[in-house]
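Okay, structure first, notes after.
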Amino acid sequence: MFDQLSGRLEKMMKFLRGEGKVTEKNMAEALKMMRLALLEADVNYKVVKEFEARIREKALGEEVLRSLTPAQQVIKIVRDELAAILGGQQKPLAFAGAPPSIFMLVGLQGSGKTTTCGKLARWVTGLRKSPLLVSFDLKRLAAQEQLKTIAGSLGIPFYEMTPAQMKVPRDALRELMTYARNRAFDPLIVDTAGRLHVDDELMDELRLAKDILNPVETIFVGDAMTGQDAVRSAQAFEEKIGLTSVILTKLDGDARGGAALSIVSVTGRPIKFAGVGEKLDKLEVFHPERMASRILGMGDILTLIEKAEEETDAEDAEELARKIRKKEFTLEDFKKQLVQLKKMGSLSGVLGHLPQVGPFKNLAKAEVDDRKIAHFEAIINSMTPPERENPRILTGSRRLRIARGSGRPVHEVNQLVKQFQEMQKMMKKPQLQKMLAGLK
């Protein structure tokens, strides 16, 4: 999403690094580059103006001008201010002192609200919570069926409201509260009605639900692909019913990113999560500082490490390190690593977390075919245990049999074997062995 903006801001940073010192003249030029980059990214004009003013004031301060590396100081200021307009520090989801905590999700139709309810329910189960999902939509009964299907696929309880209950919404909501409390569900995640645009009828319906449920979190779900439309909608919801936080969906898309860079400043509410894919496990905690670093091409290694830790078993990792030390790494081990990598998401997404400098430069822009992992896995699965243990026995006839068994061409079997052999050579290098020796 931020590729175009990142490219332009990197040019600005390169320009500053090329200047011997920071002056009013070259700072004005750098700020002009930054302003154009942000406006082209569809960032709210008022937000850009305030952002630029804060950077000018800090960049031309005495501390920066007297610094030994003024350009680096300015880049740090840009990063810090970028993190600030994204929300500053990461804000955790709030839970009530006495359960159930109630999360009420609001937003326009098509923003991904119902799917986000499922994603959020799945996420809180990782905190050992027992969520209950419910759809409160007095107009669209199909919304209830959609959320019920999502709940079923996750194995999470769903509270079904009957048409008769919906006719008396106040009583229906009170019954829901009693049901959740008596069965110790926590949190209660409520999907609400959506429209194609903000209208009084929708707001009246949401105010009724909010008054009775008294949610600890009223979360606006906005589609990042709609840019400033999402920001204007969020502002309307904030003014008419009051919000506590924001979840941005489709942050993995190719829009310009203006919504993410405007919505916090305009609404005064933090982004707490980002939807980064259609699947129900594609919800990430939003870290403003990490996102600012990624936008500036500095990478986000911490999120990458957290993803790896979520998907990697500590005992498996230790066993892998032992095998590499003993030079016993086989194609079976290689397959296990491919499976782990697949669980972390798309390869391009993983590469996008790396800093875009040094050996990682342009890696995120590389054309990566995620199907390769599945193809390599199929090829290894078509081998016998002795072949996985020792690829040197793979004669031409064996490779042909493996190709037929996996449904892949022979040249892909050869490519896999070659890459594996290259990896084995790398693992025998003294530097890597020395590093692994320190992990004993």
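Small disclaimer: the values here were computed from a predicted structure and weren't measured. Excluded from the calculations below are hydrogen atoms, water molecules and symmetry mates; all remaining heavy atoms, backbone and side chain alike, are included.
With a 6.0 Å radius and a threshold of 12 heavy atoms from other residues, nucleotides or ligands, Q419 has its CD atom above the threshold.
Classification of E205 and R195 as a salt-bridged pair holds, one side-chain N sitting under 4.0 Å from a carboxylate O. Remark: E284 does not engage K119 in a salt bridge, criterion side-chain N to carboxylate O under 4.0 Å. Comment: K272 engages E217 in a salt bridge, judged by a side-chain N to carboxylate O separation of less than 4.0 angstrom.
Applying side chain to side chain contact (heavy atoms under 4.5 Å, CB included) to V47 and the options L261, V266, V231 leaves one that passes, V266.
Here the straight-line distance linking atom CG of L120 with atom CG of D191 works out to 11.5 Å at 0.5 Å rounding. Note that NZ of K113 and CG of L147 are 10.0 Å apart. Values are rounded to the nearest 0.5 Å. Rounding to the nearest 0.5 Å gives a distance of 8.0 Å between OG of S130 and CG of D186. A distance of 13.0 Å separates CZ of F103 from CG of L213, quoted to the nearest 0.5 Å. Between atom CZ of residue F220 and atom CG of residue L243 there is a gap of 7.5 Å, rounded to the nearest 0.5 Å.
Judged by distance alone, with hydrogens and angles left aside, the side-chain atoms of R269 form no donor-acceptor pair with the main-chain N or O of V246 at under 3.5 Å.
Counting only heavy atoms from C-beta outward, the side chains of L283 and V276 never approach each other to under 4.5 Å. By the 4.5 Å heavy-atom criterion applied to side chains, P288 and Q89 are not counted as neighbours. Contact check for M34 versus L31: side-chain heavy atoms found under the 4.5 Å cut-off. Side-chain contact between L105 and T116 is present, with heavy atoms from C-beta onward closer than 4.5 Å.
For the pair K129 and F95, the cation sits on the ring face: its NZ or CZ lies under 6.0 Å from the ring centre, inside 45° of the axis.
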Audit row: R392, E387, salt bridge (charged side-chain N to carboxylate O under 4.0 Å, His left out) steps and yes/no: CA-CA 8 Å; R392 286 191 293 273; E387 287 168 346; over 6 Å; no
Salt bridge (charged side-chain N to carboxylate O under 4.0 Å, His left out) between K250 and E278, worked out: CA-CA 8 Å; K250 304 177 192 172; E278 291 180 13; over 6 Å; no
ring-ring contact (aromatic ring centres under 6.0 Å, His included) between F273 and F286, intermediate numbers included: CA-CA 5 Å; F273 293 93; F286 188 82; 9.9 Å; no
Worked verdict on E81 versus K58 for salt bridge (charged side-chain N to carboxylate O under 4.0 Å, His left out): CA-CA 10 Å; E81 289 299 325; K58 291 182 179 179; 2.6 Å; yes
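The aromatic rings of F185 and Y179 sit parallel, their planes meeting at an angle under 30°, below the 60° perpendicular limit.
Between the side chains of E389 and T330, not a single donor N or O lies within less than 3.5 Å of an accepting N or O.
Across all non-hydrogen atoms, the minimal contact from D223 to A230 is O-CB, 3.5 Å.
Scanning for salt bridge (Lys or Arg N to Asp or Glu O under 4.0 Å) contacts around K335 gives E332, with sequence neighbours left out.
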